*Asks:* 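First the structure, which I've put down as structure tokens, then a few questions once you've had a look.
Letters A, B, ... are given to chains in the order of the sequence lines, protein chains preceding strands, and every chain is numbered from 1. None of the values given here were measured: they were computed from a predicted structure.
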Amino acid sequence: MPELPEVETVRQGLRQLVLNKKIRNVRVLYPKIINGDTDIFIETVEGLTIKEIGRRGKYLIFNFNEGTSLVSHLRMEGKYFVRQTGDEIEKHTHIIFEFTDGKQLRYNDVRKFGRMELVRTDKVNDLKGIKKLGPEPTETDFDLENFTNKLKNKNKMIKPALLDQTLVAGLGNIYADEVLWMSKINPETPARHLEKKEISILRNAIIAELAKAVKAGGTTIRSYTNAFENSGEFQFELNAYGKTGEPCSRCGTLIKKIVVAQRGTHYCPNCQKVE
DNA sequence: TTAGCTGTTCAGCT
DNA sequence: GAGCTGAACAGCTA
């Protein structure tokens with residue numbers, strides 16, 4: 001499920017549901033979700049209170065009191081639900097945080113790809129995955145000149161370059177296809193061949209598209225729901241992803257699906273011509 | 001039924 | 001260091 005807009009939507013929902021709740025105990029049903037020692041994880045988290053929930057790229061960051069943080073990545077299908085203690089434990093529930101008020105925060109992940117790790121709050125930015133992240137895709141953080149320079153030194157095609165999180169944080173397969181369609185750039189274009197003007201258009205499309213998707217509550221393709229278990233609405237605004245064989249909304253040419261760097265890639269062969 | 005697909009990241013290799 | 005490949009896992013679809 002989760003690219004930046006979905007993670008952000010989850011974050012906003014969780015803030016409303018679990019902020020300032022104190023954890024009474026933790027149950028780990030599938031230890032591989034946790035990076036590091038499970039016993040230490042449980043011991044450390046019990047008794048802590050969730051003071052704030054942040055996000056960096058696609059990473060959710062729970063900040064507790066006592067300078068402890070939990071960094072959580074949902075990968076493909078991770079979800080958080082809130083339940084009452086005693087409610088039936090659904091299939092694919094792997095971690096349960098029980099609060100002192102009788103509510104529970106449950107981590108559910110069909111494919112078990114998600115990971116979470118405890119770290120000192122002042123060390124969050126040193127985590128391997130977070131350390132390498134590029135800027136957040138916002139007008140203030142995402143600098144055009146810096147983006148341009150990095151693209152110039154990339155030997156990859158533009159699509160996998162956008163996915164690798166170091167140029168800009170938060171894009172996944174869906175939004176990468178969408179922003180390239182918006183920018184009329186062919187996904188197989190070598191990143192270093194992009195012209196100045198194209199790069200500027202691409203940057204603006206990334207900022208605008210992700211902001212729009214956050215506003216719509218994210219995209220629900222298969223299974224994504226937010227913390228309230230609602231679907232997102234942005235799938236109704238997609239123009240390329242999943243539109244294989246449908247007419248391009250700009251020119252009517254049928255959207256084509258190819259594989260680029262092992263990822264399904266959707267584009268308009270007419271609007272997004274090879275340079 | 002079986003094979004192939006799926007929204008992510010990382011290790012291990014060249 | 002950078003780029004490519006396959007692996008982690010389960011369920012859905014053709």
*Asks:* CZ of A/F113 versus C1' of C/dC9: gap in Å, rounded?
*Replies:* 4 Å

*Asks:* If you measure only the distance, is there a donor-acceptor pair under 3.5 Å linking the side chains of A/N153 and A/K150?
*Replies:* no

*Asks:* For nucleotides B/dA11 and C/dC9, find the distance between their P atoms and express it as a whole number of Å.
*Replies:* 16 Å

*Asks:* Among B/dT8, C/dG3, B/dC10, which nucleotide has an atom closest to any side-chain atom of A/K132?
*Replies:* B/dC10

*Asks:* How long is the line joining NZ of A/K32 and P of C/dC9, in whole Å?
*Replies:* 4 Å

*Asks:* Distance alone, cut at 3.5 Å: any donor-acceptor contact between the side chains of A/Y175 and A/T219?
*Replies:* yes

*Asks:* Any base atoms under 4.0 Å from A/Y175, or only sugar-phosphate, or nothing? Heavy atoms, all strands.
*Replies:* nothing

*Asks:* Just how far, in rounded Å, is C1' of C/dT5 from CE of A/M157?
*Replies:* 13 Å

*Asks:* Could you tell me the separation between the CG atom of A/L127 and the C1' atom of B/dT9, rounded to a whole number of Å?
*Replies:* 14 Å

*Asks:* Is it the case that the base of B/dT6 and the side chain of A/R111 share a donor-acceptor contact (distance under 3.5 Å, atom types as modelled)?
*Replies:* yes

*Asks:* For A/G264, report the nucleic acid contact type (base, sugar-phosphate, nothing); a contact means any heavy atom under 4.0 Å.
*Replies:* sugar-phosphate

*Asks:* Might you point out which heavy atoms bring A/Y30 and A/K112 nearest each other, and give the distance in Å?
*Replies:* CZ-CD, 3.4 Å

*Asks:* Do any pairs count as a salt bridge (Lys or Arg N to Asp or Glu O under 4.0 Å) and have a residue in residues 44-59 of chain A, sequence neighbours left out, and if so which ones?
*Replies:* A/E8-A/R55, A/R15-A/E52, A/R55-A/E136, A/R56-A/E136

*Asks:* Classify the ring geometry between A/Y80 and A/F62 as parallel (under 30°), tilted (30 to 60°) or perpendicular (over 60°).
*Replies:* perpendicular

*Asks:* Return one dot-bracket line describing DNA chain C 5' to 3' (Watson-Crick or G-U wobble pairs, both distances under 3.5 Å; ( ) same strand, [ ] crossing, | another strand, . none).
*Replies:* .|||||||.|||||

*Asks:* Measure from NZ or CZ of A/K212 to the centre of the six-membered ring of A/F234 and say whether it is under 6.0 Å with the direction within 45° of the ring axis.
*Replies:* no

*Asks:* Atom CD of A/Q165 and atom C1' of B/dT8: how far apart are they, to the nearest Å?
*Replies:* 8 Å

*Asks:* Just checking A/Q262: base, sugar-phosphate only, or nothing, at a heavy-atom cut-off of under 4.0 Å?
*Replies:* base

